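What follows is a single structure, written as structure tokens, with notes after it.
Note that this is a predicted model, so its numbers are computed, not measured. Note that ligands are numbered from 1 as they come in the structure, with each ligand's atoms numbered from 1 the same way.
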Amino acid sequence: MNPQELENNLDYWLKNINKTTSFKELEQLKSDLLGKSGTITLAFKTISEVSVDEKKLFGERLNKIKSSIEDFILTKKKELEEYSMLEKLKNETLDITLPIKNNKFGGLHIITQAIRRIRNHYLARGFSVLDGPEIENDFFNFDALNMPKHHPARQSHDTFYLKEIEDSLLRTHTSCVQIRTMLNKGANVRMISIGKTYRNDALDATHSPMFHQVECLVVDKKPINIGHLKSELRRFVSFFFEVEDIAIRFRPSFFPFTEPGMEVDCKYFKKEGKLIISKDGDKWLEIGGAGMVHPNVFKACNIEQPAYGFAFGVGLERLIMLKSGIKDIRNLFDTDNRWLKYYGQ
Ligand code: DAH
């Protein structure tokens, strides 16, 4: 065919390309026109028969026809691809109810395991398990806990203040939840709270700027005394370490929100480098802080006196490390999969 004939046919071919409904049809058309012995390819071969003067124009006309056909084929191909993708999506349904065959995607971190264990233990005993915000303010973190501004005890809490939000800080302990709870529930409280706390400490083997605390608070209008506190702590330690016979002692200490305040130790001994909690131990291990709720704290929470209460607070990471023989707190926050797998559940 000469260029004129080709041009006359072009519209017809383009329409045919447009009409195709499969890749196979399109390929066939492509091969008929542009393949080795396709119409357009053959037309290019006749260029040698054209006179020198006409060669340039002849070539230009053929090239124009060829590229129109190529463009059309390419556009059609994209259209067919899109269509086949949509068809595929329509026919492929994803059954998200199908159970996972091999549930090996991960496990519960040792801290999560401990939190859940403690929570379940206290829930089963009728305690409320309560949360408070991690971003606190002066009132809940300090003032209401009998630590007014410039109180020296504030210095021992290396606090992270949030510059962007006025009067806001990352809570340095979970004792703030005591205040929130008493303001809410008055003098009838049996609660624990487990959560993250923050202090501006450098990270080393025994310190982390973020760690968890477990806080316990019991308040009543009926007299509550240190005996109740000691009994509750015995239960907690014995439950946490899974040891029936334990021995604990109180050491006088100072916490502004308690009167009296004390530190709690429990007996242990070492066997082949491992720490064993036991009433037959020969050493004392510090577990946490405790005390009877200070009258000023009741006042800050609008609780009429006489009212009675005890509270204790322990660092969770430390207890986990003691129980599991983990030497470095940083391991708890590492992403070493071998470690996570070993302690995960
Ligand atoms: N909030 C104290 C701390 O972070 C620990 C503590 C001591 C909590 C005595 C208490 C308590 O509930 O009665 O160091």
Quiz item: Under the side-chain hydrogen bond (donor to acceptor under 3.5 Å, both in side chains) rule, what pairs show up with a residue in residues 306-322, not counting sequence neighbours?
Solution: His212-Glu317

Distance-only donor-acceptor hits, side chain of residues 111-122, under 3.5 Å, sequence neighbours excluded:
from	atom 1	to	atom 2	distance (Å)
Gln113	NE2	Leu108	O	2.8
Gln113	NE2	Tyr343	O	2.9
Arg117	NH1	Phe240	O	3.3
Arg117	NH2	Phe239	O	2.9
Asn120	ND2	Arg116	O	3.3
His121	NE2	Arg125	NH1	3.1
Tyr122	OH	Glu232	OE2	3.0

Practice problem: Scan residues 234-247 for pairs that pass side-chain hydrogen bond (donor to acceptor under 3.5 Å, both in side chains), counting only residues two or more places apart or in two chains. | Solution: Glu242-Lys323

Quiz item: Between Thr20 and Glu25, is any side-chain donor less than 3.5 angstrom from a side-chain acceptor?
Solution: no

Quiz prompt | Neighbouring residues of ligand 1, heavy-atom cut-off under 4.0 Å | solution = His173, Ser175, Gln178, Arg199, Gln213, Glu215, Phe255, Phe257, Thr258, Gly289, Ala290, Gly291, Ala311, Phe312, Gly313

Quiz item: What do the steps show when you test Asn9 against Glu5 for side chain to side chain donor-acceptor pair (under 3.5 Å), and what is the final call?
Solution: CA-CA 6 Å; Asn9 272 308; Glu5 286 169 314; over 6 Å; no

Quiz item: Is a donor on one side and an acceptor on the other found under 3.5 Å between the side chain of Asn146 and the backbone of Pro256?
Solution: yes

